[in-house]
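Heads up: the structure comes next, in structure tokens.
In what follows, chains carry the letters A, B, and so on, assigned in the order in which the sequence lines appear, proteins first and then strands, with residues in each chain numbered from 1.
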Amino acid sequence: EPEVTQTPSHQVTQMGQEVILRCVPISNHLYFYWYRQILGQKVEFLVSFYNNEISEKSEIFDDQFSVERPDGSNFTLKIRSTKLEDSAMYFCASTPNPGDSLDGYTFGSGTRLTVV
Amino acid sequence: DAKTTQPNSMESNEEEPVHLPCNHSTISGTDYIHWYRQLPSQGPEYVIHGLTSNVNNRMASLAIAEDRKSSTLILHRATLRDAAVYYCILRYSGAGSYQLTFGKGTKLSVIP
């Protein structure tokens, strides 16, 4: 069964450093998402991406965050200057075409980001 | 976004059926009902979704009330692997980013 692949599985970084979280969505999917989950809390939407641009972003997704799809397969989330409160699990998700309403969303297994 | 209400937790014995309820009294005609689950230390996993009619797949069944104000996820024979947090989510099917909004879900414990 096709999978959404996320790397690395765990990233430790110092406060103020830049991190890039990587995702390889399923190849025929068109919509891509990033979510995060702080330990013990709900899964929160960060950003959605379609047709090489952001289609929606949440209040959490401020100027320190950016996303891109540099090569048609990878989908990355960059955090420019990490803060302690950015420590969380970050999940990538993709879906073929939610407008068709035929498919669910496939999530990756996540990257655990620890900011020290 | 239309809201859903789920019990915080439920217990089931292994190999027995489990009925996980969800109330969504403010659902609109264009909202699809999605169910996901999250096993410990893993990402959310798609279970099933539907609009008006009951749905079955290899993982579960989804029973949708006639007025669509509630739904029930049915696991036919619970296994230890089904212990997870189950999320009932309304997904707007009109134009937009189609993002999912997660609540707190129902934590299902399966007793051997």
Side-chain angles (χ1 to χ4, degrees), chain A residues 1-6 9-10 21 23 25-26 29-51 53-61 67 88-112, chain B residues 1 3-6 8-9 27-53 55-62 64 68 71 73 84-107:
Chain A
E1 194 164 322
E3 291 183 341
V4 171
T5 305
Q6 289 188 243
S9 57
H10 191 188
L21 309 183
C23 169
I26 294 172
H29 286 190
L30 301 177
Y31 283 74
F32 314 111
Y33 305 83
W34 282 101
Y35 289 80
R36 80 171 186 190
Q37 186 173 32
I38 295 170
L39 187 63
Q41 298 189 23
K42 295 189 288 186
V43 177
E44 300 174 290
F45 167 73
L46 291 178
V47 66
S48 58
F49 193 85
Y50 169 70
N51 201 26
E53 60 182 25
I54 291 173
S55 51
E56 189 171 356
K57 58 185 180 180
S58 72
E59 291 179 355
I60 302 168
F61 194 88
V67 289
M89 283 289 289
Y90 288 81
F91 297 109
C92 174
S94 68
T95 191
N97 185 352
D100 288 340
S101 301
L102 296 176
D103 300 285
Y105 297 63
T106 304
F107 285 77
S109 54
T111 293
R112 179 175 297 283
Chain B
D1 290 337
K3 299 281 189 234
T4 63
T5 303
Q6 299 178 253
N8 290 332
S9 62
I27 191 171
S28 75
T30 51
D31 287 337
Y32 276 76
I33 302 161
H34 279 240
W35 283 83
Y36 288 77
R37 71 180 186 182
Q38 188 174 23
L39 278 66
S41 302
Q42 295 191 28
E45 176 186 25
Y46 169 75
V47 178
I48 201 166
H49 77 285
L51 183 63
T52 56
S53 304
V55 185
N56 300 297
N57 66 19
R58 63 178 176 82
M59 288 182 72
S61 296
L62 176 60
I64 302 173
R68 300 208 327 125
S71 60
L73 179 71
V85 179
Y86 286 78
Y87 301 98
C88 169
I89 300 171
L90 300 183
R91 207 224 65 196
Y92 177 62
S93 65
S97 73
Y98 308 104
Q99 52 118 332
L100 301 173
T101 300
F102 286 80
K104 294 183 179 178
T106 296
K107 184 174 183 179

Tell me, for [X] versus chain B, whether the close heavy atoms (under 4.5 Å) come from the side chain, the backbone, both or neither.
X       : result
A:Phe91 : side chain
A:Phe49 : neither
A:Gln41 : neither

Problem set entry | Test item: B:Gln42 side-chain N/O and A:Ser109 main-chain N/O as donor-acceptor pair under 3.5 Å |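 A pair under 3.5 Å: no.
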For this session: Indicate yes or no for a side-chain donor-acceptor contact from B:Thr4 to the backbone of B:Cys88 under 3.5 Å, with no hydrogens or angles considered.
Result: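 Yes, B:Thr4 side chain to B:Cys88 backbone: donor-acceptor pair under 3.5 Å.
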For this session: Go through the atoms of B:Ile48 and report whether side chain, backbone, both or neither lie under 4.5 Å from a heavy atom of chain A.
Result: neither
Exercise. What residue among A:Tyr35, A:Phe45, A:Tyr105, A:Tyr33 forms ring-ring contact (aromatic ring centres under 6.0 Å, His included) with B:Phe102?
Worked result: A:Tyr35
Problem set entry | salt bridge (charged side-chain N to carboxylate O under 4.0 Å, His left out) against B:Arg37, all qualifying residues, sequence neighbours excluded | B:Glu45, B:Asp82
